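All remarks here apply to the structure that follows.
Residues take their numbers from the sequence shown, with the count starting at 1. Please read all numbers here as calculations on a predicted model, not as lab measurements.
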Amino acid sequence: MIVQACLNGARPVDYHPRLPLSADAMAQDGAACIAAGAAELHIHPRGQDRQESLVAVGDTIRAVRRACPGTLIGVSTGAWITGDERRTRDEIAAWQELPDYASVNLADPDAPAVIALLQRMGVGVEAGLASVADAERFVALQERKRVFRILIEIEEQETEEADAVATGIVQVLEAADVHRPLLLHGFDATVWHFVERAFAMNVSTRVGLEDGCTLPNGDIADGNARLVSQAMEFRRAR
């Protein structure tokens, strides 16, 4: 059961004053998050234009590894990054510095091909499930028992509805006898609800500016490390 720090995601450049947008900024911020208690980092590398980029993965991973030696580092492969399935696979295949794992959203049409490619490359796969339909698609894959971890990422903002989706995903996994490490997290209004639920379930969770910038009391956090510190306080309180 760990806390992962998700540093930036697809947030726009003006989302937060300390949103890390360069390789060096992600390296420095990542080190601060590890010092605050995070066990892993999930990052969305950015190009010179500060937009998400699969091409920038190598330089970013190298920078973060120098600052955070021994820390597992994951990246996103979201279909929106390139907007083209073949280009996505080509840019992943060209990686020279490999992340420890990469998240693949099962809602992406080309997800099975991306999962297979990453596994051939020796990159761990964090399978992202945001709906019951995603879970049903995932359990039908041959690769389902070889993934590094299953990421249950809930986007619904109303708590009761969000809980129902999370419960439905877990039920699909259990019915299919798929037992892989789980990481459960929310988004914006549900971040701290799912931090608490994850700890109650004894599974991992994540916090960071990708998922939200507010503390449980509604104040804006001064950065990722403060969000991690708060999550660690929740964990110690259990």
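- Of all heavy-atom pairs spanning Ile169 and Ala130, the tightest one is CD1-C, 4.0 Å.
- Between the side chain of Asp108 and the main chain of Ala79, a donor-acceptor pair closer than 3.5 Å is present.
- Residues Thr82 and Thr88 bring a donor and an acceptor atom of their side chains to less than 3.5 Å of each other.
- Ion pairing between Asp188 and Arg11 holds under the 4.0 Å rule for side-chain N and carboxylate O.
- Separating the OG1 atom in Thr205 from the CZ atom in Phe194 is a distance of 9.5 Å, to the nearest 0.5 Å.
- Looking at Glu143 and Arg120, no side-chain N of the basic residue comes within less than 4.0 Å of a carboxylate O on the acidic one, giving no salt bridge.
- Side chains of Arg197 and Thr167: a donor on one and an acceptor on the other come within 3.5 Å.
- With hydrogens and angles left out, the side-chain atoms of Trp80 and Glu52 include a donor and acceptor closer than 3.5 Å.
- In this pair, Tyr101 and His42 present their aromatic rings parallel. The plane angle is below 30°, not in the 30 to 60° band.
- Taking CG of Leu151 as the start and OG of Ser103 as the end, the distance is 5.5 Å to the nearest 0.5 Å.
- For the 3.5 Å distance criterion, the side chains of Gln51 and Arg46 fail to qualify, holding no donor opposite an acceptor.
- For Arg137 (side chain) and Leu106 (main-chain N/O), a donor-acceptor pair under 3.5 Å exists by modelled atom type.
- Salt bridge annotation for Asp90-Arg87: absent, with no cationic side-chain nitrogen under 4.0 angstrom from a carboxylate oxygen.
- For the 3.5 Å distance criterion, the side chains of Asp211 and His185 qualify, holding a donor opposite an acceptor.
- Annotation: the span from Leu209 atom CG to Asn8 atom CG amounts to 8.0 Å, rounded to 0.5 Å.
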Quiz prompt | From CA spacing to verdict: side-chain contact (heavy atoms from CB on, under 4.5 Å), Leu7, Glu210 | solution = CA-CA 6 Å; Leu7 302 187; Glu210 173 170 353; over 6 Å; no
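- A pairwise comparison of heavy atoms in Asp59 and Ala23 identifies O-CB, 4.3 Å as the closest pair.
- Considering all non-hydrogen atoms of both residues, Val147 and Gln119 come closest at N-NE2, 4.1 Å.
- Listed for the Glu97 side chain is no donor-acceptor partner under 3.5 Å among the backbone atoms of Trp95.
- Comment: Arg65 engages Asp100 in a salt bridge, judged by a side-chain N to carboxylate O separation of less than 4.0 angstrom.
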Quiz prompt | salt bridge (charged side-chain N to carboxylate O under 4.0 Å, His left out) between Arg149 and Glu40, worked out | solution = CA-CA 13 Å; Arg149 178 166 52 216; Glu40 290 180 13; 2.7 Å; yes
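- Ala162 and Ile154 make their closest contact through CB-CG2, 3.6 Å (heavy atoms, listed as atom of the first residue, atom of the second, distance).
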Practice problem: Apply side-chain contact (heavy atoms from CB on, under 4.5 Å) to Leu173 and Leu182, showing your working. | Solution: CA-CA 11 Å; Leu173 296 174; Leu182 300 180; 4.0 Å; yes
